[in-house]
Amino acid sequence: MTAHLKKAELHCHVEGAAPPALTLAQAEKYGLNPTGFVENGAYVWHDFTSFIACYDFVASVFRTAEDYALLTEAYLAELAAANTIYSELFISPDHGEAVGLSPDDYVAGLAAGIYAAREKTGIECRMVIIGERHLGPENVLRRARWAAEFQHPLVTGFNMAGEERMNRVADYAPAFDVVREAGLGITIHAGELCGAFSVADALDLVRPSRIGHGVRAIEDGELVKRLADLGTVLEVCPGSNIALKVFPDYASHPLRRFVDAGVRVTLNSDDPPFFHTSLAAEYETASRVLGFSDAEINTMTRTAIEAAFVDEATRQVLLARL
Ligand SMILES: Nc1ncnc2[nH]cnc12
Ligand SMILES: [Zn+2]
């Protein structure tokens, strides 16, 4: 049982956290047809490409700051009820813009949800801006420039997500130079859909403190050693990896091998209802299926707080709560 363990999450996409029932209610509110995306109370997709199409539909039913406040507060309340003290949400202003919601209003809605949840439950949360890789290097650079200029106390990092098989990390390096210069925390999706070379590219060209997934680094022993030596933190999402068939089953999942190699790892849900998971379920899987002890799982939670994109005073408060 892991219900009693304190938890922290570094890797969850906010639109990807929308429960299907909420998506259906929002679709009805705006007269949008969910057929093909939500069936029998579950999201419909069969590979990464159709997952992204479904994700885009789900995002399109959230159209105002109030919609985002509702979604965010509901997700954080669920996390807090599962003993979660810290959450980092990946937010995608491009999805807001796609439905006519300005980046400022998009962030304002998310922040309202975060403040409301903190008031009611004490959960601490920060936002990480996403640049969507499949929108191309120019758009990710545009988003990075915006993120570098944008000042909000809860926006503390930058990330690139989306279709990893499109282009090479080098094409996006200028965007990361911009946000590094601005002092934002840096993480990047790599080593999920592409192999170890993608993680190596990220280390060489982006120099992130964390990597989203990174799990296919396991294909290169030297790279695993490099991750351990650098102290790079992997945001591991086992349920997502199994759902997207990055690994065929939990027996093949490399989380234990990373831990044994001294790589710093954390547990995350990625897009929980899409992958029939939750942060609480990921903790349970780590315990019951992957065989980690409570002490080992607590180390992962501590690692998440150590790697969180927060100011040092907040980090100390969070560490004291563990
Ligand atoms: N698992 C994932 N990989 C890449 N981009 C994403 N966007 C939302 N979920 C994602
Ligand atoms: Zn992700």
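Any value given below was found using the heavy atoms of this structure, including those in side chains, with hydrogens, waters and symmetry copies removed.
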- prompt: Given the rule in the salt bridge (Lys or Arg N to Asp or Glu O under 4.0 Å) test, do E132 and R143 qualify, once you have shown the distances and angles that lead to the verdict?
  reply: CA-CA 9 Å; E132 296 285 0; R143 188 53 65 208; over 6 Å; no
Answer with yes or no whether the side chains of [Y] and [X] bring together a donor and an acceptor at under 3.5 Å.
X    : Y    : answer
S252 : D249 : yes
T35  : N33  : yes
N83  : H4   : no
H11  : H189 : yes
E282 : T277 : yes
Y55  : D271 : no
E164 : S198 : yes
T23  : Y43  : yes
S87  : E9   : no

Taking only Lys NZ, Arg NE, NH1 and NH2, and the carboxylate oxygens of Asp or Glu, determine whether [X] and [Y] approach each other closer than 4.0 Å.
X    : Y    : answer
E306 : R210 : no
R321 : E124 : no
R226 : D229 : no
D311 : R315 : no

Point to revise | Candidates F274, Y283, Y75 - the one meeting side-chain contact (heavy atoms from CB on, under 4.5 Å) with S269 | key: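 Only match with S269 under side-chain contact (heavy atoms from CB on, under 4.5 Å): Y75.
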Let me check something: do [X] and [Y] share a hydrophobic cluster, defined by ILVMFWY side-chain heavy atoms less than 4.5 Å apart, either directly or through other members?
X    : Y    : answer
V233 : V169 : no
F150 : V128 : no
V206 : V199 : yes

Next item on the list: May I ask you to check if R256 and F292 form a cation-pi contact, with NZ or CZ under 6.0 angstrom from the six-membered ring centre and within 45° of the axis?
Entry: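 Satisfied, under 6.0 Å and within 45°.
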- salt bridge (Lys or Arg N to Asp or Glu O under 4.0 Å) assessment of E235 paired with R264: CA-CA 9 Å; E235 303 157 4; R264 303 173 76 205; over 6 Å; no
List the steps, then state whether side chain to side chain donor-acceptor pair (under 3.5 Å) holds for Y106 with D67. CA-CA 9 Å; Y106 176 81; D67 292 343; over 6 Å; no
- Query: Which value, rounded to the nearest 0.5 Å, describes the distance between L110 atom CG and H152 atom NE2?
  - Reply: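 NE2 of H152 is found 9.0 Å from CG of L110.
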To the nearest 0.5 Å, what is the distance between CG on L135 and CZ on R142?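 One finds 8.5 Å between CG of L135 and CZ of R142.
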| Which residues share a side-chain contact (heavy atoms from CB on, under 4.5 Å) with V317, sequence neighbours left out |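 None.
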